[in-house]
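In listed order, ligands and their atoms are each counted from 1.
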Amino acid sequence: MINIDAQNHVRGKSIYLDDIQELQGTLYALPFDATVAHAKIKSLDLEAASKAKGIVAILTAKDIPGENQIGGIIPDEPLFADGEVHFRGQVIALIVGDSEHHCRQAARLIKVVYEELPVIVNPREAQAHGKLIMPPRNFKLGNTEEAWSECEHIIEGRSDVNGQEHLYIETQGAYARPKEDGSIVISSSTQGPTAVQRMVARVLNIPMHKVEIDTVRLGGGFGGKEDQATPWAVMVALATQVLHKPVKMSMHRMDDMRMTGKRHPYSADFKIGLTKDLKILAYEVTHYQNAGAAADLSPAVMERTLFHSTNAYYIPNVNAKAYSCKTNLPPNTAFRGFGGPQGKFAIEAAIVKAAETLGVSPAEIQKKNLVVDGNELSYGQILQQTNAHASWDDCTATYQYEQQKKRVADFNATNSRYKKGLAVQPICFGISFTNTMMNHARALVHIYHDGSIVVSTGAVEMGQGVNTKMLQIVTETFGISAKRVRIESTNTLRVANTSPTAASAGADLNGKALQLACNALLERLITVAQKELNTDKIQINDEFVFANDKATEISWPDLVMKAHVLRVALTENAHYATPTIHYDKTKEKGHPFAYHVYGTAIVEVTVDCLKGTYEFDAVNVVHDFGKSMNTDIDNGQIEGGLVQGIGWMTLEEIVYNDQGRLLSNALSTYKVPDIYSVPKQINIKHLETEGHELAIKKSKAVGEPPLMYGLGAYFAIRDAVRAFNPNADLAVNAPYTPEKVLMDLYKK
Ligand code: MTE
Ligand code: HPA
Ligand code: MOS
């Protein structure tokens, strides 16, 4: 099935937040943010700004009727700074006026006097000062202390990996309208309508039933709107409550980049021990997560870093520790992979460092240590239906890795200006929210008596194609055509208490709930047909009722109308909760994931050793889709995730100065991959597997895992740099920008 949004997207007809028809009298809101990273606010003078042309109100912490608190996991984040600021870009006030232009003019008239305090931007420094978001966590398997003595080789090192700007094409925004009796409806570009609803209720001091959140679609989220769509929606809701007017905000790119958090930078110390035959016997890692100034989702992100600290490898003795470090940066947040990529980066760095020390290829160590059925991971989950070897073997065979290696070696032997590099990147990614209680969803299906259907679930469409997958479930269950079905906006009045669309689990969770609802309705309709046609053997195919495998005259609308006349309920609401999963945080053991997704990518790069620039010749992937329910959409997720991962590892460089000021604050200073920097070839092969029962229609979650193929880009470049400069002591510090590559090529 073609993506149901394709036609409208290319014609510009799809509705995003800023396309919503505005009500007469709609006001505009502009957040006013701190220009220092850590300070006491000595005074805030709003006098002149309040009197400026077109200004209706300037709201601050004092105007909040409920709690000035939007922290989801830990209540440590005020909506508006009150008395002190903890990062540049923290919102102090909300300017509301008759136009955005007038709000911007007024912003210049606000005077703040700060008493500046010391600024910390480095996570290791924060940890040394005891500035932590929460106590550290520690995952252990076997006994590393005892294992070291059995290791033939022990290699220690450090890896650093920077953050990443989400750069969703649609910036953050929200539009609130007053309803009766103090109720408010808010259109929000959010992955988590319920998260927004909860915070609006808390800040405005009203029950959740007075807050309706509606989300049609997002122009990209990538995790950046799991938690951080909330403040803007709460701000316009507050303005609507105070002023009884519709209020809208749609952020400018530079404001969005400055005020919102990003992927977490991590710094890690590792120690890896191997036997003579290259089996990894022990691995210790300490992660320093740069959380920024408040918790946001950092505790959950840190948890996933630990869950993925050994990637696709079986290591019998593991000691993985992580600190969530509080710095004076905007709170960092969810980003495709959710801490998993950072955990994997450290183990891959350790393997590459070990390989370089021992004079073997990293692939040799990687392959020898891939997980197999029955392996226990550091958090206690025993792996089943592993596809690590299958995808590795299929990938290296299909794309003729041995020949490729030889070709690259020959090239490097005969070229001095250009060097090629190779990396094999296996992945193993756990599917489910790591927080077990979040793994449930609901769906609501109405069949109208003309035979048309409207579907609501908790899933938010953000370009990943979840609505198309929902549509497939309905049409395939009922045996009807797509034109009969409409997938409605995600709305908290129709589907309540939703988890955000995240953790790649949107299609699985909402799809399974939708399947339950459709099956219940189908059963009722079949019963009607059975009575009507006097046979048990009823099916619906191609819009017609089939009795005893033969088409009848009864069409889908006929059947629906018959059911309605017989007073059969044509609405169903269903709930799905992932079975089998559990986790005990006090022991750090359990079975948190419904299943794992596997795959292998081979990355080939050519580095220009005069300039330090590089081009990716090819990325060849064998991916474990299970039984993909939509190959176009799923292949698109591989391409998008891969390129986003390559961008993170290569060009995208977030720079804050030591005073916490974002220097890479626009698209002129923050480089994302473009058509010229994507690999010249991306080949995607589907691994032959049975799929998994807990995946929707056995079609495995696909949203986040492919991003981690991008890690191979970093190590492929390093391989090429090594071909030019074999002996230098190179750091592991992503992104590997052309500047850093150039320095490494000539490092002594
Ligand atoms: N694809 C597009 N086009 N846009 C997005 O914002 N978000 C990613 C991924 N793919 C994203 C995307 C992230 S971070 C997640 S968690 C999943 O989609 C969420 O959707 P799913 O659970 O339906 O896979
Ligand atoms: N993944 C993505 N988002 C989340 C998770 C997770 O495991 N937990 C809470 N939000
Ligand atoms: Mo995705 S980072 O779980 O929104």
Side-chain angles (χ1 to χ4, degrees), residues 3 5-6 9 72-73 164 166-170 189-192 194-195 215 217-229 261-264 295-308 332-343 429-439 441 457-470 490 498-512 578 581 583 592-594 597 625 629-630 633-645 648 695-696 699-708:
N3 189 320
D5 282 337
H9 279 0
I73 298 179
Q164 184 176 22
H166 300 87
L167 221 97
Y168 23 66
I169 294 178
E170 179 194 33
S189 178
T190 180
Q191 292 173 240
T194 294
T215 303
R217 67 165 60 72
L218 318 188
F222 307 111
K225 295 171 184 170
E226 181 176 338
D227 227 35
Q228 298 211 358
K262 311 180 188 313
R263 184 190 292 285
H264 294 78
D296 191 271
L297 291 165
S298 297
V301 170
M302 183 180 98
E303 178 172 79
R304 197 175 270 278
T305 301
L306 292 171
F307 283 122
H308 292 96
N332 286 313
T333 194
F335 196 138
R336 210 169 191 170
F338 205 75
Q342 294 96 320
F429 193 79
I431 301 303
S432 289
F433 287 94
T434 55
N435 182 3
T436 301
M437 69 79 45
M438 294 175 77
N439 293 284
T457 74
V460 170
E461 176 61 55
M462 54 184 124
Q464 87 280 40
V466 71
N467 280 358
T468 306
K469 291 185 173 180
M470 295 305 111
T490 316
T498 61
S499 289
T501 299
S504 305
D508 278 0
L509 295 173
N510 294 283
K512 292 259 183 187
T578 313
I581 55 172
Y583 195 70
F593 299 118
V597 170
F625 293 88
M629 66 186 285
N630 192 316
I633 283 176
D634 285 355
N635 287 346
Q637 286 293 297
I638 303 287
E639 290 175 359
L642 168 68
V643 170
Q644 201 165 34
W648 174 45
I696 181 69
S699 179
K700 283 186 165 185
V702 70
E704 294 167 285
L707 181 128
M708 282 152 273

Inset, instruction - Please identify which atoms of ligand 3 are closer than 4.0 Å to at least one heavy atom of Gly223. - result: 2 (S), 4 (O)

Legend entry - For Ala502, atoms of ligand 2 separated by under 4.0 Å from a heavy atom: 3 (N)

Legend entry - Protein heavy-atom partner closest to atom 1 (N) of ligand 1 - residue, atom, separation in Å: Gln637 NE2, 3.1 Å

Legend entry - Whether Ala701 lies under 4.0 Å from ligand 1, heavy atom: no

Inset, instruction - May I ask you to identify the nearest protein heavy atom to atom 9 (C) of ligand 2, giving residue, atom name and distance to one decimal place in Å? - result: Met438 SD, 3.6 Å

Inset, instruction - Report yes or no: does Gly221 have a heavy atom closer than 4.0 Å to ligand 3? - result: no

Legend entry - Atom indices of ligand 3, in the order listed, that fall short of 4.0 Å to a heavy atom of Ala502: 3 (O), 4 (O)

Legend entry - Distance, nearest 0.5 Å, that separates CD of Gln464 from CG of Asp634: 11.0 Å

Legend entry - Per-atom contacts, ligand 3 versus Arg336 - under 4.0 Å to a heavy atom: 2 (S)

Inset, instruction - Write out the residue and atom name of the closest protein heavy atom to atom 10 (N) of ligand 2, then the distance separating them to 0.1 Å. - result: Glu226 OE2, 2.6 Å

Legend entry - Gly223: numbered ligand 1 atoms lying under 4.0 Å from its heavy atoms: 14 (S)

Inset, instruction - Could you tell me whether Arg304 and Glu704 make a salt bridge, using a distance below 4.0 angstrom between a side-chain N and a carboxylate O? - result: no

